[in-house]
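Encoded as structure tokens, the structure appears first; notes follow it.
Just the heavy atoms: all of them, side chains too, but no hydrogens, waters or symmetry mates, feed the values below.
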Amino acid sequence: MVVDGAEPTGPGGGRWGRRRLLGGGALLAGGVALGATGMSRGTWLADRHLPLSGGPASATVGNRRQDVGSGGLQVVWHVPTTRRLVALTFDDGPLPQWTPTVLDTLDTHAVPATFFLVGERVRRHAGLIRGRLARHEVGNHSWRHRDLARLAAAAVHDDLRRSHETIAEVTGMPPRLVRPPYGHLGGGVLHAAVRLDYRVVLWSLQMVEGEYPDDPAGHARRIVSDVVPGTILLAHDAGPENRQVALRGLAAMITGLRARGYTFVTVSELLAHPTGSRTGG
């Protein structure tokens with residue numbers, strides 16, 4: 001503590017005069033400035049070693065003319081509409097003991113959905129979906145479900161192109177939509193998507209299986225109450241066992257949403273029906 005009229009003391013109990021205090025303050029300020037400058041230069045030097053052009057963060061590649069498809073990219077979470085439309089989407093399949101159950105339920109209730117397929121799984125389990133997707137839509141969910149946001153642009157493009165070709169071959173429907181694994185959007189993902197003339201589709205509502213263990217009916221009621229017009233709803237036809245809660249309650253979810261006046265559409269159908277600001281559910 002400094003007593004009125006006394007000079008402040010420095011380390012070791014010695015007294016600091018006004019001149020020493022001012023000098024110390026200047027030194028401190030200079031050190032802060034030097035530290036900030038040094039940190040900025042350090043960051044700049046570190047960035048110089050990152051693959052900025054064509055790397056995971058950058059949505060541009062090189063300095064020459066870029067192949068950018070139609071030249072623009074749409075990223076969608078939700079479609080603003082006053083109509084009671086909902087798009088049901090399934091990620092990560094196809095896999096046995098999951099996808100056939102989902103398709104059977106959708107067929108029973110004549111519900112269309114959009115399946116974001118993993119290319120390597122399409123190749124391995126082609127028989128699960130071949131001839132069964134007539135009312136549905138397919139999207140690209142990468143070749144092997146790696147985090148594309150961590151890959152360079154060229155690697156992302158190769159991954160999505162490989163998956164695209166396999167999905168088109170097996171289903172007869174070239175995908176026009178992409179959903180990156182985990183919803184992670186890196187610059188390389190955006191650049192690859194525009195090259196392939198995709199729309200990037202995320203979601204505005206997803207299943208919450210972990211909140212309703214062993215309660216399919218409760219989970220279905222929760223989702224039914226949370227849907228609003230234009231919702232893109234994320235579900236899965238693969239994954240840990242707890243996700244089966246949503247699938248066991250899928251029929252109740254469909255019935256509940258139809259009771260609220262909702263119509264199920266594919267994502268592309270939903271995108272074709274924007275009507276302005278959404279209303280409450």
Seminar exercise, completed: So salt bridge (Lys or Arg N to Asp or Glu O under 4.0 Å) across residues 165-176, not counting sequence neighbours, yields Arg123-Glu169, Arg161-Glu165

Exercise. Got a sec, which residues hit side-chain hydrogen bond (donor to acceptor under 3.5 Å, both in side chains) with Arg221, two or more places apart in sequence or on another chain?
Worked result: none

For this session: Using salt bridge (Lys or Arg N to Asp or Glu O under 4.0 Å) as the criterion, list what pairs up with Asp147, not counting sequence neighbours.
Result: Arg150

Exercise. By ring pair (Phe, Tyr, Trp, His ring centres under 6.0 Å), which residues pair with Phe115, not counting sequence neighbours?
Worked result: Phe90, His136

Problem set entry | Option among Thr89, Leu234, Leu233, Ile232 that satisfies the side-chain contact (heavy atoms from CB on, under 4.5 Å) test with Gln206 | Leu234

Seminar exercise, completed: dist Asp92:CG -> Thr99:OG1 (nearest 0.5 Å) comes out at 9.5 Å

Exercise. Is there a donor in the side chain of His191 and an acceptor in the side chain of Gln66, or the other way round, less than 3.5 Å apart?
Worked result: yes

Problem set entry | Tyr182 side, atom OH; His141 side, atom NE2 - distance, nearest 0.5 Å | 8.0 Å

Problem set entry | Results of side-chain hydrogen bond (donor to acceptor under 3.5 Å, both in side chains) for Thr231 - residues two or more places apart only | none

Exercise. Can you name the salt bridge (Lys or Arg N to Asp or Glu O under 4.0 Å) partners of Asp91, sequence neighbours left out?
Worked result: Arg179

For this session: Find the distance between OG (Ser142) and CG (Leu117) and round it off to the nearest 0.5 Å.
Result: 10.5 Å

For this session: Go through the steps for Val178 and Leu196 under the test side-chain contact (heavy atoms from CB on, under 4.5 Å), then give the verdict.
Result: CA-CA 10 Å; Val178 62; Leu196 292 163; over 6 Å; no

For this session: Give, for atom CZ of Arg146 and atom CG of Asp159, the distance between the pair rounded to the nearest 0.5 Å.
Result: 5.5 Å

Exercise. How long is the gap from CH2 on Trp143 to CG on Leu148, to the nearest 0.5 Å?
Worked result: 13.5 Å

Exercise. Between the main-chain N or O of Arg260 and the side-chain N or O of Arg84, is there a donor-acceptor pair closer than 3.5 Å?
Worked result: yes

For this session: Could you pull out the closest heavy-atom pair between Val170 and Ala126, with the gap in Å?
Result: CG1-CB, 3.7 Å

For this session: Identify, with sequence neighbours excluded, every residue that meets side-chain hydrogen bond (donor to acceptor under 3.5 Å, both in side chains) alongside His109.
Result: none

Seminar exercise, completed: Thr171 meets the side-chain hydrogen bond (donor to acceptor under 3.5 Å, both in side chains) criterion, sequence neighbours left out, with none

Under 3.5 Å, side-chain donor or acceptor atoms of residues 212-219 against the rest of the protein: list the pairs with distances, not counting sequence neighbours.
residue, atom, partner, partner atom, Å
Asp215, OD1, Gly218, N, 2.9
His219, NE2, Val208, N, 3.0

What pairs of donor and acceptor atoms, side-chain ones from residues 240-257 against any protein atom, are under 3.5 angstrom apart with sequence neighbours left out?
residue, atom, partner, partner atom, Å
Arg243, NH1, Ala238, O, 2.8
Thr255, OG1, Ala251, O, 3.0

Problem set entry | salt bridge (Lys or Arg N to Asp or Glu O under 4.0 Å) contacts touching residues 222-240 (sequence neighbours left out) | Glu211-Arg222, Arg222-Asp226

For this session: Please name all residues satisfying ring pair (Phe, Tyr, Trp, His ring centres under 6.0 Å) with His157, sequence neighbours left out, ordered by chain then number.
Result: none

Exercise. Which atom names give the shortest non-hydrogen contact between Thr81 and Arg83, and what distance separates them?
Worked result: OG1-N, 3.1 Å

Problem set entry | Verdict with supporting geometry, Leu103 and Leu133, side-chain contact (heavy atoms from CB on, under 4.5 Å) | CA-CA 8 Å; Leu103 288 170; Leu133 298 176; 4.0 Å; yes

Exercise. Distance from Leu85 atom CG to Leu270 atom CG, nearest 0.5 Å?
Worked result: 6.0 Å

